[in-house]
Asker: 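Have a look at this one before I ask anything.
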Amino acid sequence: MKKKQSNEILITINIPQFRDDLINWFEEEQRDLPWRKNQDPYRVWVSEIMLQQTKVETVIPYFQRFISNFPTIEALASADEQEVLKSWEGLGYYSRIRNLQSAVKEVVEKYDAKIPEDPDKFGNLKGVGPYTTGAVLSIAYDMPEPAVDGNVMRVLSRILVIQEDIAKAKTRKIFEQAVRQLISHNNPSAFNQGLMELGALICTPRNPSCLLCPVQEHCIAYKKGIEKTLPVKTKKTKQKQKTYFVLVLEDNKANYLLEQRPAEGLLAQMWQFPMVETKEVSENLLIPFIKERYHTDCQTIEYLQPIKHVFSHITWELNVLKIKCDKVKALNHHQRMLSIEEIGDYPLPVSHQKVYKQILH
DNA sequence: AATCCGGGGTC
DNA sequence: GACCCAGGATT
């Protein structure tokens, strides 16, 4: 029999009082958000995936549209993959939706469309990590599981004065242990959501509103006047830059060549106007390059507005060329010749929506 | 443990 | 620009 190690943290605040203050504040002050209308585990799950690294205000319209398009777990499981991807267009981190649809299919097949209450079963689904497991199980099923995200680490680092670097992966476990000791078993949902709501509304990164804080009297960092030094977070990655030509190839019927990106990697399976890295081909060799790769002769070339697009880890410099040709043909099933109207049905990353808007005029 | 994976907002 | 955001998968 394996010995259970507890690794309990010494917590000196008044835990029952802290729970009450936090939960009472949350019940009073929580925002009226669409995914808080009920406890439907599917809706909670969808909202938690959308909210990963994404602000509430951004998510709201996407959530409404998504639930209206795919109201149930079965609807999402059986939906067309491209249509689902289109519903995520502009949200970013597109692997989230691929993983979610994959996970939802697994729930339909293995668990009879019932989202499992077992943290191990739910947590093993694609795209469901430690945070999402705790969030969905506590909010939808009232289970006392920790849901530690960036908000929770910031809030608890201040209240308990935890100085561990929250950029390090293993630090999350410290906060999970803290939550296990703090969480209300009476109302785990309001407790977890209260911590996150507090982080979003009061205990903000730069200028926390400590004077309005419902748990100010429990906050050790505030008592010591060090709340702004927390949380401790190292990090910073220098980001690379890449420069491309974007080829808007237009044939004599005003159709445009669109191609689908590979199934893996950046912007997987999204559609775009053909891109060529400038390292591959210099500007004066562009015309022969296009003839070789797309089997067409350029007639006129027009420079459109260049686009700078910043990702979290890359910056794209896009030199956009509108090139009129007599005939252009799709060469494989990852390429299509499409009218302006048809392009609107395809999932494009924001960088290429910017290109699309230029040719709309 | 470090890197990849989007996009929008703030200061 | 730097940093932040209801993170997870991959290497």
Side-chain angles (χ1 to χ4, degrees), chain A residues 26 30-31 33-36 43-63 85 88-100 102-103 123-140 145-155 165-172 175-176 179 189 192-201 203-208 231 233-241 261-270 272 307-316 347-354:
Chain A
F26 177 71
Q30 63 171 298
R31 290 166 290 181
L33 301 174
W35 46 90
R36 288 180 175 162
R43 292 168 55 103
V44 174
W45 187 6
V46 169
S47 74
E48 290 302 338
I49 299 298
M50 285 189 172
L51 286 161
Q52 288 171 10
Q53 302 296 291
T54 312
K55 287 257 178 8
V56 164
E57 301 74 48
T58 307
V59 165
I60 290 173
Y62 280 91
F63 180 83
L85 187 55
W88 210 266
E89 179 187 68
L91 251 193
Y93 285 135
Y94 299 96
S95 67
R96 289 184 293 177
I97 185 54
R98 273 209 308 170
N99 288 335
L100 178 59
S102 164
N124 273 325
L125 296 168
K126 283 208 180 77
V128 180
Y131 165 74
T132 305
T133 302
V136 172
L137 294 190
S138 63
I139 297 172
E145 291 290 318
V148 174
D149 68 343
N151 280 313
V152 172
M153 288 198 280
R154 183 173 60 258
V155 169
D165 180 3
I166 66 167
K168 294 194 185 307
K170 64 177 188 181
T171 301
R172 197 198 66 247
F175 287 92
E176 285 175 348
V179 171
S189 169
N192 277 343
Q193 292 189 79
L195 279 181
M196 294 189 273
E197 196 81 342
L198 192 65
L201 300 182
C203 196
T204 50
R206 294 202 177 91
N207 285 93
K233 183 174 187 177
T234 65
K235 197 69 156 251
K236 92 151 117 272
T237 56
K238 71 274 170 184
Q239 65 170 23
K240 308 162 189 169
Q241 179 177 333
R261 296 178 61 88
E264 306 281 321
L266 182 65
L267 303 169
Q269 291 180 306
M270 306 285 284
Q272 63 177 21
I307 293 167
K308 179 185 169 121
H309 191 79
V310 180
F311 297 95
S312 48
H313 58 303
I314 310 172
T315 298
W316 277 0
L348 304 184
V350 167
S351 50
H352 283 258
Q353 290 176 37
K354 294 175 188 168

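In what follows, every chain begins at residue 1, and chains take the letters A, B, ... in the order their sequences are listed.
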Asker: Would you mind reporting whether A/Trp45 and A/Thr132 have side-chain heavy atoms less than 4.5 Å apart?
Answerer: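 Yes, close enough: below the 4.5 Å cut-off.
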
Asker: Could you state the atom-to-atom distance from CD1 of A/Ile49 to P of C/dG8 in whole Å?
Answerer: 7 Å

Asker: Of all the heavy-atom pairs spanning A/Met50 and A/Val59, show the shortest one and how long it is.
Answerer: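 Smallest heavy-atom distance, with atoms named: O-CG2, 3.4 Å.
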
Asker: Among the candidates C/dA6, C/dC5, B/dC5, find the nucleotide nearest to the side-chain atoms of A/Ser312.
Answerer: B/dC5

Asker: If you measure from the P atom in C/dC3 to the same atom in B/dT3, how many Å do you get, rounded?
Answerer: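 Here C/dC3 and B/dT3 have their P atoms 15 Å from each other.
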
Asker: Using atom C1' of each nucleotide, how far apart are B/dG8 and C/dA9 to the nearest Å?
Answerer: 23 Å

Asker: In whole angstrom, give the distance that lies between atom CE of A/Met153 and atom P of C/dG7.
Answerer: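 So the CE-P distance, A/Met153 to C/dG7, works out to 9 Å.
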
Asker: Which heavy atom of A/Arg172 sits nearest a heavy atom of A/Met153, and at what distance?
Answerer: CA-SD, 4.3 Å

Asker: In whole angstrom, give the distance that lies between atom CG of A/Leu91 and atom C1' of B/dC5.
Answerer: 14 Å

Asker: Hey, does A/Thr58 reach any base, or is it just sugar-phosphate, or nothing, if we go heavy atoms under 4.0 Å?
Answerer: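 No contact.
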
Asker: Between A/Asn99 (CG) and B/dC4 (P), how many Å, whole number?
Answerer: 19 Å

Asker: Between B/dG6, C/dA6, B/dC5, which nucleotide gets closest to the side-chain atoms of A/Tyr131?
Answerer: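 In terms of side-chain proximity for A/Tyr131, the closest of B/dG6, C/dA6, B/dC5 is C/dA6.
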
Asker: Heavy atoms from C-beta onward define the side chain here; which of B/dG6, C/dA6, C/dG8 lies closest to that of A/Leu266?
Answerer: B/dG6

Asker: Which nucleotide, B/dC4, C/dC5, B/dG8, lies nearest any side-chain atom of A/Lys233?
Answerer: C/dC5

Asker: Quick check on C/dG7: is either OP1 or OP2 less than 4.0 Å from any side-chain nitrogen or oxygen of A/Arg172?
Answerer: no

Asker: Under 4.0 Å between any heavy atoms, over every strand shown, what does A/Arg261 touch: base, sugar-phosphate, or nothing? Just pick one.
Answerer: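 No contact.
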
Asker: Between A/Ser47 and A/Val128, who's closer to the 5' end of DNA chain C by nearest nucleotide?
Answerer: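 So the residue in question is A/Ser47.
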
Asker: Could you tell me the separation between the CD1 atom of A/Ile60 and the P atom of C/dA6, rounded to a whole number of Å?
Answerer: 13 Å

Asker: Donor-acceptor pair under 3.5 Å: do we get one between A/Tyr93's side chain and the base of B/dG6?
Answerer: yes

Asker: By nearest nucleotide on DNA chain B, pick out whichever of A/Lys168 and A/Ala268 is the more 5' one.
Answerer: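 On the 5' side of the pair lies A/Lys168.
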
Asker: Check the phosphate of B/dC4 against A/His313, side-chain N and O only, distance under 4.0 Å to OP1 or OP2. Yes or no?
Answerer: no

Asker: Check every atom of B/dG7, C/dG8, C/dC4 against the side chain of A/His309 and return the nucleotide holding the closest atom.
Answerer: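 From the listed options, B/dG7 comes nearest.
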
Asker: Looking at C/dC5, C/dA6, B/dG8, which one has an atom nearest to any side-chain atom of A/Pro205?
Answerer: C/dC5

Asker: If you draw a 6.0 Å radius around CD in A/Gln241, do more than 12 non-hydrogen atoms from other residues or ligands fall strictly inside?
Answerer: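 More than 12 within 6.0 Å, yes.
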
Asker: Pairing donors with acceptors under 3.5 angstrom, does anything connect the side chains of A/Tyr131 and A/Glu48?
Answerer: yes

Asker: Measuring only the P atom in each nucleotide, how far is C/dA6 from B/dC11? A whole number of Å is fine.
Answerer: 15 Å

Asker: Nearest to the side chain of A/Arg206 - C/dA6, B/dT10, B/dG6?
Answerer: B/dT10

Asker: Over all strands shown, is A/Arg98 touching base, sugar-phosphate only, or nothing at heavy-atom distances under 4.0 angstrom?
Answerer: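 Here A/Arg98 touches no strand at all.
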
Asker: Is A/Gln52 near enough to C/dA6 that one of its side-chain N or O atoms lies under 4.0 angstrom from OP1 or OP2?
Answerer: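 False: A/Gln52 side-chain N/O out of range (4.0 Å or more) of C/dA6 OP1/OP2.
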
Asker: Working to the nearest 0.5 Å, report the span between CD1 of A/Ile60 and NZ of A/Lys55.
Answerer: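 Separation between the atoms: 13.0 Å.
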
Asker: For A/Gln272 and A/Ser351, does a side-chain donor sit closer than 3.5 Å to a side-chain acceptor?
Answerer: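 Note: A/Gln272 and A/Ser351 side chains miss the donor-acceptor criterion.
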
Asker: From the options C/dG1, B/dG7, B/dA1, select the nucleotide whose nearest atom is closest to the side chain of A/Pro349.
Answerer: B/dG7

Asker: Expressed in whole Å, how much space separates the P atoms belonging to C/dT11 and B/dG6?
Answerer: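 These two P atoms come out 15 Å apart once rounded.
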
Asker: Nearest to the A/Thr132 side chain among B/dG6, C/dC4, C/dG8, which nucleotide is it?
Answerer: C/dG8

Asker: Could you check whether A/Trp88 gets within reach of a base, just the sugar-phosphate, or nothing at all, counting any heavy atom under 4.0 Å?
Answerer: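 Counting heavy atoms under 4.0 Å across all strands, no contact is made by A/Trp88.
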
Asker: Round to a whole Å and report the spacing from CE of A/Met50 to P of B/dG8.
Answerer: 15 Å

Asker: Mind checking the P distance from B/dC5 to C/dG1? Whole angstroms is fine.
Answerer: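 Between the two P atoms, the distance is 22 Å.
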
Asker: Just to be sure I understand the rule, does A/Gly199 reach a base, reach only the sugar-phosphate, or reach nothing, if contact means heavy atoms closer than 4.0 Å?
Answerer: nothing

Asker: Could you state the atom-to-atom distance from CD of A/Gln239 to P of B/dC5 in whole Å?
Answerer: 13 Å

Asker: Whether A/Lys55 contacts B/dT10 is assessed here as follows: a side-chain N or O lying under 4.0 Å from the phosphate OP1 or OP2. Is that the case?
Answerer: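 Answer is no, no contact under 4.0 Å.
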
Asker: Name the orientation class of the two ring planes belonging to A/Phe63 and A/Trp35 (parallel below 30°, tilted from 30 to 60°, perpendicular beyond 60°).
Answerer: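 Judged by the thresholds at 30° and 60°, the geometry between A/Phe63 and A/Trp35 is perpendicular.
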
Asker: How close or far is atom P of C/dG8 from atom NZ of A/Lys170, stated in whole angstroms?
Answerer: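 After rounding, the reported distance stands at 20 Å.
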
